[in-house]
S.K.: 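This is the structure, below, for whatever I ask next.
Not measured: the values here are computed from a predicted model. Chain letters run A, B, ... following the sequence lines, proteins first, then strands; residues in each count from 1.
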Amino acid sequence: MSFLFPGFLLGLAAIVIPIVLHLRRQPPTNAVTFSSLMFLEKTPVRPKSRRRLEDWLLLMLRCLALALLTLMFMRPFVRTPIVGEKSSGAATVVVLDRSASMREVLWKEALAMTSDVVNGLAESDAAALVTFDGSVKTVLGFDAWSSAAVGQRRTMMRAELAKLQPGWGSTDLGKALVSAVEALNDRQVATKRIVLVSDMQEGAALGALDSFTWPEDVAVSVVRVQHASADNLTLSASARADDSTETDTKAKSDTMMRVRVSNSAGSRLDHFSLAWRGEAGDKAQGTLAAGTSRVIAAPPRKKEDEDGVLDLSGDGIDFDDHLYVARAHPRKAEILCIGKGLSRTDTASPLFYLTRALQPNALVEPTLVAKEPADLSEDDLAKADFAVVSSDLPAKSVAPFRDWLMAGHHAVLLVREGADNMGLASVVGFPLTVSESTAPNYSMLGDLNFDHAILSPFAEAGIRDFTKIRFWRHRQIKVAEADAAKMEILARFDDGSVAWALIPAGKGWLLMMSSGWQPADSQLAVSSKFVPLLYSILDHAGLASPESHSFVVGEPIPTKEWSASGTVAVKCPDGTSLPWDGSKQGAFAATNTPGIYIFGEGNTATSVAVNVASSEGRLAPMDEQRLRDLGVRMTDASRRVLSKEEAAKEALQQADNEREQRQRIWRWLALAAIVVLLMETWLAGRREAKPEGAAIA
Amino acid sequence: MTEPSTNAAAESTWIDPVALMRIQSLELRARVVMEGFIKGMHRSPLHGFSAEFSEYRQYVTGDDPRFIDWKVVARSDRYYVKKFEEETNLRCQLLLDVSASMGYGTNGVTKLDYARTLTATLALFLKEQGDAVGLTMFDQGITEYLPARNRPGHMHALMMHLQRARQGRGTSLGVSLKNAGELVRRRALIVLVSDFLAPLDQLESELSLLGVMRHDVVVFHALDPSEIEFRFDQAAAFHDIESGRQLPIEPEAARDSYLSRFRAHLKRLQDICSRQGVEYLQARTDRPLEELLFGFLSARRKLSVRHRSSHAAS
């Protein structure tokens with residue numbers, strides 16, 4: 001039998017205590033009442049020369065209880081072979097970080113540290129080398145290691161190591177650790193280890209560890225590569241939604257490019273400047289406190305129709321100081337025109353004027369699709385980005401149209417003469433009554449809400465006069481007082497009736513116009529304000545601003561980003577050209593380098609910008625406690641890889657731990673100790689209850 | 001004619017003290033004892049045993065005809081009765097030690113029970129013969145005092161006091177005897193019943209004072225057999241019933257010392273009594289009371305007969 005904690009054997013010395021107490025001279029416990037002690041003197045009580053059997057039994061039970069408790073703490077076990085017992089030896093996965101933050105000076109240092117780790121590996125043990133950034137790649141697997149001859153393995157790994165180059169991807173540390181654990185799962189060895197060589201930046205992603213149960217037999221040793229300085233400014237793209245400082249609706253419609261500048265925690269830098277590469281234009285300058293970030297407007301470009309690079313200056317770490325910006329492409333918008341007898345050539349049809357007003361330009365590339373109400377299908381709605389409805393919808397189309405609106409689409413509804421109230425109410429979502437206005441001659445717009453984004457382009461003094469537009473006919477729309485708040489009135493006629501009202505519908509909205517723009521109803525289509533009004537409506541629907549395609553290194557570019565079909569030549573930032581057939585190969589995944597990727601050639605070419613993930617700029621070191629909190633078992637970072645003898649000893653210790661945990665002999669010892677103590681308690685109680693014997697003969 | 005000191009037939013009826021103490025009523029118990037030892041007496045010692053003949057006087061109607069001296073009648077043809085010196089003055093004061101040590105006893109008989117019964121029996125006996133009996137109970141001082149009387153109801157009161165007697169505190173023989181001497185002015189028979197487990201330093205002087213006052217003192221030394229023989233064999237913590245003190249004692253080692261000291265104390269007591277002319281009787285609680293009192297009374301009777309004879313001869 002062996003013991004996990006033989007040191008507890010010292011506890012057996014406690015057995016001396018009951019023996020000493022048993023043999024000591026005890027003062028007489030029984031008392032005798034006597035008439036007077038005047039003739040008596042204190043006499044020493046002789047030790048009991050003849051102990052009763054019960055006393056010896058009690059002593060034995062007490063000694064036995066102490067012995068059992070001592071044995072229990074020593075955690076005994078029997079060294080029997082364990083089924084599935086692992087062989088001695090170790091398996092090590094060397095995980096090397098090759099994300100963007102490891103570039104430049106850090107990479108050389110990382111290679112040197114990794115080489116040291118490789119040198120510490122035992123040829124007889126199993127080892128593997130993987131690298132990671134946003135994805136994990138096995139450079140040298142366990143099988144390849146084992147297939148090499150003993151004595152050649154470390155050399156082979158060092159050779160593979162020398163071939164490696166840092167990447168531009170983000171740091172998905174969680175995925176890398178999980179992948180390393182999975183590689184170790186199949187190894188039947190006593191010691192499993194992951195050696196992580198990384199800068200352990202705080203921007204590293206750990207999400208993969210959230211729901212991962214770390215095995216007890218795998219430990220991580222971190223070899224940390226330190227940045228010389230964590231003073232770093234990072235430049236990244238900013239979505240318009242990032243611009244939380246802009247609450248003004250006018251400003252939100254501004255197409256100025258915005259970027260985000262971040263300053264790392266603890267940075268001593270605070271001043272930066274932005275300038276377009278190759279353009280001798282204005283620079284944008286600013287200051288930023290450490291640990292903060294700010295969205296600012298990029299300096300204006302002189303060559304907006306070309307791809308560009310915005311450079312950030314102000315720090316010494318370069319990899320995250322450049323923002324690639326692809327040239328803007330007109331946004332494609334399919335506009336579904338639903339109405340009876342729509343015609344692109346008939347001047348009486350609303351479509352005639354829409355066709356001429358909405359021409360492709362630098363901002364938007366509209367496509368007008370005419371549809372009879374009866375022929376309207378859900379597929380038509382699914383393809384459409386916007387709708388103009390000039391007739392009543394059939395009952396079967398009302399609900400799909402309403403759902404389409406609620407899903408985040410937008411439409412203009414021209415309320416015609418004799419419109420069906422019920423159908424209209426179903427479309428707008430509340431009851432209303434429509435009647436033809438009886439205004440004599442014509443009406444004019446008398447009350448316009450220039451604060452609204454749709455009319456804000458007309459807010460300036462010279463262009464805000466709508467009185468020259470005459471409305472020959474219009475409908476009077478009446479709603480209940482309770483439903484009036486559901487409409488945002490953009491314009492009224494001079495008789496007070498609603499002219500234009502914006503009705504929110506779920507994530508979308510409906511712009512209800514109580515008069516058409518065709519000449520039968522009004523002069524709107526022929527006014528100078530018609531086209532800017534239409535584009536303002538489209539802009540409010542998010543369809544009139546150019547799209548800029550930007551992705552992160554390692555992120556696949558979906559096929560819809562480029563307009564050409566079939567196989568296209570993709571020009572990569574490093575100058576190489578890759579043929580790519582999106583219909584067969586799917587999203588373009590070779591975004592390994594930041595820069596502009598050009599899909600196609602000539603006028604149909606589409607530029608897509610790929611930038612370094614902004615998280616790579618957060619260079620402050622991560623606290624390893626974060627990993628421990630996620631359940632990762634860490635070893636001392638300074639602990640070297642064990643020698644073979646030490647590994648064998650540790651393996652034996654682990655095997656012993658495992659044997660003891662399986663056998664759990666201590667539980668039986670505890671049970672036996674409890675039984676013995678119960679017997680001792682009973683016997684001691686029985687002995688106390690028994691009379692001492694007559695004090696008087 | 002001499003009376004046998006013991007009567008074999010009567011001796012066979014003497015009651016074991018353990019059995020005697022089962023009689024709850026003290027008066028009944030005393031009566032049983034009294035009748036027990038009276039049976040052993042050839043002649044009833046009810047009268048005159050402690051009296052001393054002093055002179056003749058002429059018989060008057062109402063005198064007890066038993067005291068008519070028929071020899072004088074034969075000689076003088078006149079009726080004369082014997083007048084005893086103590087005939088009208090005999091009084092007895094019974095002094096009972098009720099200290100805590102008297103509460104000790106083995107085999108179911110405490111010294112106090114034994115002494116109380118002894119005292120009650122003597123009281124009854126003396127009352128039956130027309131003597132005045134009083135009672136004094138003491139521990140560290142006098143706890144109860146009944147002067148010697150021979151009135152109706154006095155005996156009942158005395159018995160009641162004895163019945164209610166409970167062991168008290170420590171023992172102070174000298175103080176108690178001194179107080180008793182101050183209370184009993186007239187010559188009396190003083191019967192002292194105690195275990196004398198206290199310093200004897202003042203005892204002799206107080207007994208001497210009582211002798212000067214012409215009191216007749218008798219000492220009954222109540223002892224438990226275990227006190228006399230120290231019959232213990234198990235080591236134990238011995239607890240003093242009076243002081244509460246405890247001593248761990250190994251009996252085998254302590255016995256010789258104890259017996260030596262005890263016997264020395266006993267001898268000293270006996271010597272004191274002897275020097276002061278005090279009659280000493282050891283009253284072991286395992287000894288039948290009838291035997292004790294019979295022996296005492298018989299001895300007294302012999303003593304009174306010798307006195308009368310010598311007085312008559314003079």
S.K.: Can you measure from OG1 (A/T33) to CD (B/Q246) and round to the nearest 0.5 angstrom?
M.R.: 8.5 Å
S.K.: To the nearest 0.5 Å, how far apart are CG in A/L37 and OH in B/Y258?
M.R.: 10.0 Å
S.K.: Surrounding CE of A/M679 (heavy atoms of other residues, nucleotides or ligands, distance under 6.0 Å), is the total greater than 12?
M.R.: no
S.K.: Using non-hydrogen atoms only, which part of B/A198 is less than 4.5 Å away from chain A: side chain, backbone, both, or neither?
M.R.: backbone
S.K.: So, taking the atom named OG in A/S36 and the one named CZ in B/F238, what distance separates them when rounded to the nearest 0.5 Å?
M.R.: 12.5 Å
S.K.: Just do the ring pair (Phe, Tyr, Trp, His ring centres under 6.0 Å) check on B/F232 and A/F34 with the steps written out, would you?
M.R.: CA-CA 11 Å; B/F232 299 98; A/F34 198 56; 5.4 Å; yes
S.K.: Got a sec: does the CD of A/E216 have more than 12 other heavy atoms crowding it under 6.0 Å?
M.R.: no
S.K.: Please give me the minimum heavy-atom distance between B/S101 and A/S35, naming the atom from each residue.
M.R.: CB-O, 3.7 Å
S.K.: Using a heavy-atom cutoff of under 4.5 Å, enumerate the residues of residues 111-124 of chain B that contact chain A, numbered in order, or state 'none'.
M.R.: B/K111
S.K.: Which atom pair, heavy atoms only, marks the closest approach of B/I249 to A/E41?
M.R.: CD1-O, 3.1 Å
S.K.: Grab the two heavy atoms, one from A/V32 and one from B/A236, that are nearest each other, plus how far apart they are.
M.R.: CG2-CB, 3.5 Å
S.K.: Counting only heavy atoms from other residues, nucleotides and ligands, does the tally under 6.0 Å from CH2 of A/W214 exceed 12?
M.R.: yes
S.K.: Taking CZ in A/F212 as the centre, count heavy atoms belonging to other residues, nucleotides or ligands within less than 6.0 Å. Is the count above 12?
M.R.: yes
S.K.: If you look at every heavy atom in A/L40 and B/A254, which pair is closest and at what distance?
M.R.: CD2-CB, 4.2 Å
